Structure formats: structure tokens, C-alpha cells
Amino acid sequence: MKILDFDGVYADNNATTPIDPRVRKAMTPFLEENFANPNSLYNHGRRSRKAVEEARERVANMLNCATDEIVFTGSATESNNHVIKGTAFARKDHGKHIVTSKTEHKCVLEACRWLEGQGFEVTYLDVDEEGYISPSELKNELREDTILVSIMLTNNEIGTVQPIEKTTRIVHDESSAYFHTDMAQCPGKMEVDVGKLGVDLATINAHKMYGPKGVGALYKKKDLDIDPLLHGGGQENGERSGTENVPAIVGFGKAAEIVEERWEEEGEKLREMHQKLVESIQGSIDNTEVNGPVDGRLPGNMNISFIGVEGEALVLRLDDLGINTATGSACSSEELKSSHVLDALGKGPEVAHSSLRISFGRFNTMDDVNTVVEALRKEVRELRSITALDEKGKTGD
Amino acid sequence: MYTKEVMEHFKNPKNMGDMENPDATSRVGNPACGDMMETYIKVGEKDGEKYIEDIKFKTFGCAAAIATSSVTTELAMGKTLEEAENIEEEDIARELGGLPKIKMHCSNLSANGLHEAIYRYKKEEGMDISEELKKKHTIAQKTLEKTEEVRKKHGLDED
């Protein structure tokens, strides 16, 4: 199956995934003849409505929840903003305290920071060297006026899988806060059963699971009190106004159906690829440091620092060989700030500066692992031959 | 984001790596992100005038940092010390067809490195040093100290 239009390896699946050809096929009629507004009464419109509701069922099935607990949104960023701001405003008479962690996605952190400006109080939990929060620290931070706890299931940069089941139990036993998890990275790679996790709210999107961009979903347990972010025509049961993005929602549904069938097998494949990647890199390149947990991380996610090699330079060298990866180096960001996730691990600027994220997905093969490792050996050697740091990351004298 | 010229110098950098027995070396850094450059020069003499006979860089930094190092060696090679002292950030950026605004100072350390190497050479040889070059030396020292402070804080430069 030819997915890429270039001769190379796409290894940035934690940024976005290619659209599965089956998803594209399912979407096509809704970009062509089936264009009607699902809120229209005539037959054509009812056909769109039916497609949206079937997609909802498939997404609900994947998350193991009821169909009316799924709200379609425009992105994971929107879902996260909806939960955080919506809970804050709906529950402000109950309390003004929110707990989250320092390694959440920017959209969670920035929404929380904005709320701080509106008079809310936010506790940002520290993480340990592998990126884990401490459930006991979380327990200590819970207050009578805590209205929301938002902790991601897996980290998008370093693949840490947080102990969510244990954490939700603590939060529900000790407080009246809602528990939200951002699990955008997880579908297709690991189990995403909201019942088992015990969460009240969960965020996903389609483009991280081989579906289209521009559509997200929010799992919202029945009877939770959350204000909508978008007001208008009352679509999505009043939770999210705006005409439904029918083609994208249909694609999301198809993507969810495939994930539901395939996640165990694909997760296993990604774990094997990860194992091989780590062994091959560590077996042939000196002075590397794995960022995030060594074991048990998000399948397919690897984050590793090649000491003495700056990340942006390495990403661009690999790109020249047709290999797509990412870095947390300050040099690659618009504000020249290094990754807040890598900074939170407390390992120092060198680690972020020389970090590389390699993330595999459904369409990668074991051959891709070999290609990536070959390329890394060549480029790391070359960049180290011209670096002003020695391979331990120290300056030359 | 980068020009063709930057990418070309980045992919095939010129005059990078170790130099045996250099006449002078310098080290400059960027405290914001920890970029580091080492400059090595060999000085020759022709018609009673000293000139850059050979120059090499070792650079830890992004594509722009590597490209500016590379193009600086091309600009400085064969120039008299006085001419080389006057190669500025802007000349380097121009030669590369421009740099992203945010990288203009951050990654453009190579002029700094070159000036500092010349300063050290002149000092060692007891030559006259212009006020302008002294000023450049002071700036280079300050930023390097800050860079090393940041790195030391995180245990990167301890043995």
C-alpha cells in the first residue's frame, strides 16, 4: 500500500498520521454527492444525519461508552479547551481549583493559564525523571474546592503512560472533582476503554489515528455539568454548536472501526519495532540517552538524545534522506524555547537540545526501522565530527 | 524557512572539524540555548601583511549555526586580519541569502568566533589591537561566561 508521495520513511506519527485509504474511501461520497446538512429535514439531509450517527456509534464503541456520551468537536485542542473552560465556568460556584501536570499538551496548559487570569487557581504537578506524576502528590493537592483534574493518558513527546486507573480512583474517593484525560495519542496503539480507566471526560482526535484533520471528540459521561465553548444552533445536543463536519466525522468513524478491530495487533507490532529501534541505536551509536520511560511507554514512540548533536540539525539532515522525525530542541521552535516536557524531566538543557522523537505507526515496517538506524548512524557520526562538544556533551577542555 | 544557500552550507559544510597546530583558537557560545562554536586559525604573512591562511570551525548548533560557520570560513579565507576583523553578522547573513529573523543573532555566532580568534592571535603576538576589536572580545567573553554558567548549572561541564 503506497501511502507516501516520497521515497522515504514517515516516522512522525505522534505529530499526525497518514489517512488510511479505507478512511479516505468512506469519506469521499461526503465530499461529493452527499453534501447535505445533517440538520436538514429532506431525505438527502437525513442521509448525512445517519452517517454522522453511525460514526458516533463507532467512536463510542472504540471507547466503550454510550453513543450519547460522544461530542464531536473540531480538534483535540478544542475538546481540551471545552473541558477545562467549560468545567471551570459551570462549576465556579462549587470551586475554583484545578489540578493538572507540567507535561500536559500546550492546549491544556495554556487553557489553564488563561483561567488563572480569570481568577481560578491551578496546581501543576511535577513529574519524575521518566515523566510520571505521583498519585500520592496528587492526593495531597486535592482540595474541597477542586473542580477538575486533567492528566493525560500518554505523553505525546516522551510516551509516558500515566497510572490513570489508580489516579481516577484517588480523585473520585477524595474529592468531587471531574477527572479528564487527554488520550489523543492512544487509539490504535493501546486500550482506550473509558469505563476501565474510570475517567469522566476524555479527549481524542481523528488525525492521530489515521483519520482526517479538523475533527476531534470528547467523551463526556452522562449528567456532567459543563458549559459549551461554542454557542449557536445547538448541534451535538447543545454541547457544541456549528454544522457538523460530516466528511471528517464519517472518516473518524471509519478510523475508529479499524482501530477497534486492530489495536491489539498493531500495538504489539509497534512494541516490537520500538524494541528493535532501541537495541539497534544503542548497539551502534555511543552516548545516547532515552527520554521518558525505558519500558512500558506509548507503543511506537521513541525519544532519544544524541549527546553533542543538536536536534534541529539532525531532523533536517534526516529529512534530506527522506526520513521525517521531530525534536524538542529550542532551535526548532518559533520562540526558541526548548520542549516544556523535556525541561520538566529536570535533565538540563543539553538533553532537550539534542533530542529526537521517532514515532512509528500503522504503515511503518521493520525495514523502516533499519533505514532510520542506518541514517542515524551516518548523520550522528557526521554532525559529531564537526561539533564543538565532545560526545559526553561537554566542551572540549 | 531556510534559504537554498543555508541548506547547501548546512548539508555540505566547508572547513569544519579539527585543525592541527592552529596559531590561535577561540570559543564562543550562546547562553540562550547553549550553542557552541570553536574557531581555529592559521595566520600567514604575505608582503609584510598577516592574513588568514587557514580557518576551521567546530560547531554545536542548528542548521543556521552550522551554515554560518561554514560560510564564514569562505569569507575569511585569504583575507588580511584587518579585513577579517570587519566581517560582520550582516555580511554572513547576506552571503546566505538571509536568515530567519529569530536566528539572526542566536545562531550567527561565527563572526564573533572569528573576531575572538584574531584577538587572541594578536594578543599572543603582541600586536596592536583596535578599540573595536577589544570591544568585540569583551562581548564574546561575556556571552561565553553566561553560556558556561548555564551549562555548569546542569552539570554539563563538570568532570
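All values derive from a computational prediction rather than experimental measurement. Note: hydrogens, waters and symmetry copies are ignored here, and every other heavy atom, side chains too, is used. Note on naming: letters A, B, ... go to the chains in the order of the sequence lines (proteins, then strands), and numbering restarts at 1 for each one.
Contacts of A:V309 with chain B are made by backbone atoms alone, with heavy-atom separations under 4.5 Å and no side-chain atom involved. Contact of A:S385 with chain B is made through the backbone alone, with heavy-atom distances under 4.5 Å. Only the side chain of B:P13 comes within contact range of chain A, with heavy atoms under 4.5 Å apart.
With sequence neighbours excluded, the residues forming a salt bridge (charged side-chain N to carboxylate O under 4.0 Å, His left out) with B:E88 are B:K136, listed by chain and number.
Summarising the geometry, atom CG belonging to A:D320 is positioned 6.0 Å from atom CE belonging to B:M7; distances are rounded to the nearest 0.5 Å. Taken to the nearest 0.5 Å, the CZ atom of B:F60 stands 8.0 Å off from the CD1 atom of A:I307. To the nearest 0.5 Å, atoms CZ (A:R384) and NZ (B:K58) are separated by 13.0 Å.
Taking each heavy atom of B:M36 and A:A388 in turn, the nearest pair found is O-CB, 3.6 Å. For the residue pair B:G17 and A:I386, the shortest heavy atom distance occurs at N-CG2, 4.4 Å.
At a threshold of 4.5 Å between non-hydrogen side-chain atoms, the residues B:D35 and A:H353 count as touching.
Between the side chain of A:R317 and the backbone N or O of B:A63, no donor-acceptor pair lies under 3.5 Å.
No more than 12 heavy-atom neighbours from other residues, nucleotides or ligands sit within 6.0 angstrom of CD on B:E20. For CD of B:E95, the number of neighbouring non-hydrogen atoms (other residues, nucleotides, ligands) closer than 6.0 Å is 12 at most. Summarising the local packing, CD of B:E74 is surrounded by more than 12 heavy atoms from other residues, nucleotides or ligands at distances under 6.0 Å. For CZ of A:R113, the number of neighbouring non-hydrogen atoms (other residues, nucleotides, ligands) closer than 6.0 Å is greater than 12.
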